[in-house]
Amino acid sequence: MTLYPKLIMDALATVRYPGNGKNIVEAEMVADNLRIDGMKVSFSLIFEKPTDPFMKSVVKSAETAIHTYVSKEVEVTIATESKQAARPEPGKMLPQVKNVIAVSSGKGGVGKSTVAANLAVALAKLGYKVGLLDADIFGPSVPKMFQVEDARPYAEEVGGRDLIVPVEKYGIKLLSIGFFVDPDQATLWRGGMASNALKQLVADANWGDLDYFVLDTPPGTSDIHLTLLQTLAITGAVIVSTPQQVALADARKGINMYTNDKVNVPILGLVENMAWFTPAELPENKYYLFGKEGTKRLAEELNVPLLGQIPIVQSICESGDAGTPAALDENSMTGMAFMELARNVVTQIEKRNTEMAPTEIVHTH
């Protein structure tokens, strides 16, 4: 039996692509690299994305069609190509981002998102290029805190890939799962779905050149944290706690998650949030509502820096709800505290980067 291209193409025209119902020849999915060598046939099938869900079944159907309509004796080799470039491998993601900071807490309710948002704003005010990813899949708060709840990010083609364009506010590139879900509905996702959504926000977004990429992680220790740790090369973690003993116990768990042998992410330091209450009319007064300097003592005990102490002032809650983070006003009490936090974070990162830089060997003659 002699094989020729029309025989093969006629057989392939019986295979339909489930995504659009067209046959794969009509849909121009058969590449023009068909090779026939005796009873051996080879060619490529072209898909939109490297993650096409129908890829395996279409390849199998194409092989079956040739065996059915041409001959069972044909030896078929089918390669696959995609129009879009593949997502970078974990560890090689975000090559244009210099430093990745995970803002974390052992428990909810300690103001972790407030600290993450204001840290990002303060870093931008210091002149750095900053991105903020709201990785708190189950309780995204960044859209509200930056007054961009109505934003709907779109995709643009960059280097052969469709990438999400982050929303920009206060000089910061922002993305949150909150942009893609109904704010009035509870987000009920299984771990795998949440992890995949998060990977998309990291790897399939056009973050561009950034000096600092701040991650507002979910409270506690979960699959999401492991996804982030496996997906990104995290420079260091900032742990947020209140001075209360119960919060400090959970902060220890968070620290343990990052520092265990399998994860090994350095702790840049601790932030004591709600360190004291100061009423606006009595700015000199400090009332220690949740205990005094508990986080400071924990930092000393664990030999990690205390990066900042953030007081409770009525305006911090109001500014968060109004979408104007407190760090925007450098002259306010909380604004100054967040600027100091940002400077301390930069100092710790630069110190670690210097320690990790390869030592120059000087050759003497």
Side-chain angles (χ1 to χ4, degrees), residues 91 94 97-120 122-123 128 130-133 135-136 211-275 291 293-310 337-357:
L94 306 183
V97 173
K98 291 176 187 165
N99 302 289
V100 180
I101 305 167
V103 178
S104 201
S105 67
K107 70 193 288 293
V110 297
K112 169 190 52 60
S113 294
T114 300
V115 170
N118 281 283
L119 172 60
L123 287 167
Y128 296 106
V130 182
L132 172 62
L133 174 61
D136 193 345
D211 297 306
Y212 292 99
F213 186 45
V214 180
L215 305 173
D216 177 15
T217 68
T221 51
S222 67
D223 285 356
I224 303 297
H225 296 87
L226 294 174
T227 297
L228 287 169
L229 293 165
Q230 289 160 359
T231 305
L232 285 167
I234 294 178
T235 311
V238 170
I239 309 292
V240 181
S241 182
T242 60
Q244 283 171 294
Q245 289 304 314
V246 65
L248 294 169
D250 288 315
R252 286 176 190 273
K253 290 178 196 167
I255 291 166
N256 182 55
M257 176 187 73
Y258 285 108
T259 54
N260 76 45
D261 293 343
K262 290 179 184 169
V263 174
N264 205 19
V265 167
I267 302 296
L268 296 173
L270 305 187
V271 178
E272 184 170 76
N273 197 27
M274 309 182 202
E293 299 190 332
T295 311
K296 184 180 179 184
R297 286 193 297 276
L298 180 62
E300 287 166 0
E301 180 194 325
L302 298 173
N303 199 25
V304 295
L306 179 69
L307 298 169
Q309 290 176 295
I310 315 295
F338 283 123
M339 293 305 290
E340 184 191 0
L341 166 63
R343 288 189 193 97
N344 289 340
V345 166
V346 169
T347 300
Q348 287 304 316
I349 287 181
E350 287 179 351
K351 184 177 161 191
R352 288 186 181 278
N353 288 346
T354 305
E355 287 169 0
M356 290 175 69

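Counting all heavy atoms, side chain and backbone alike, Thr217 lies closest to Ala102 at CG2-CB, 4.2 Å. Closest of all the heavy-atom pairs between Ser113 and Asp216 is OG-OD2, 2.7 Å. Gln309 and Ala337 make their closest contact through O-CB, 3.9 Å (heavy atoms, listed as atom of the first residue, atom of the second, distance). Across all their heavy atoms, Val214 and Ala116 have their closest contact at CG1-O, 4.0 Å.
Distance check, rounded to the nearest 0.5 Å: CD1 of Ile267 to CD1 of Ile239 gives 4.0 Å. Atoms CZ and CG, on Phe213 and Asn99 in that order, are 12.5 Å from each other to the nearest 0.5 Å. Within the model, atoms CD of Glu272 and CD1 of Ile310 stand 9.5 Å from one another, a figure rounded to the nearest 0.5 Å. Between atom OG1 of residue Thr114 and atom CE of residue Met274 there is a gap of 7.5 Å, rounded to the nearest 0.5 Å. One distance of note links CG of Leu306 with CG of Asn344; it measures 8.5 Å at 0.5 Å rounding. For the atom pair Leu123 CG and Met339 CE, the distance stands at 8.5 Å (nearest 0.5 Å).
By the 4.5 Å heavy-atom criterion applied to side chains, Lys98 and Ile349 are not counted as neighbours. Residues Thr235 and Tyr212 fail the side-chain proximity criterion, which asks for heavy atoms closer than 4.5 Å. Within the 4.5 Å cutoff, side-chain heavy atoms of Leu341 are placed close to those of Val115. Taking the side chain as every heavy atom from C-beta outward, Leu215 and Ile234 approach each other to under 4.5 Å.
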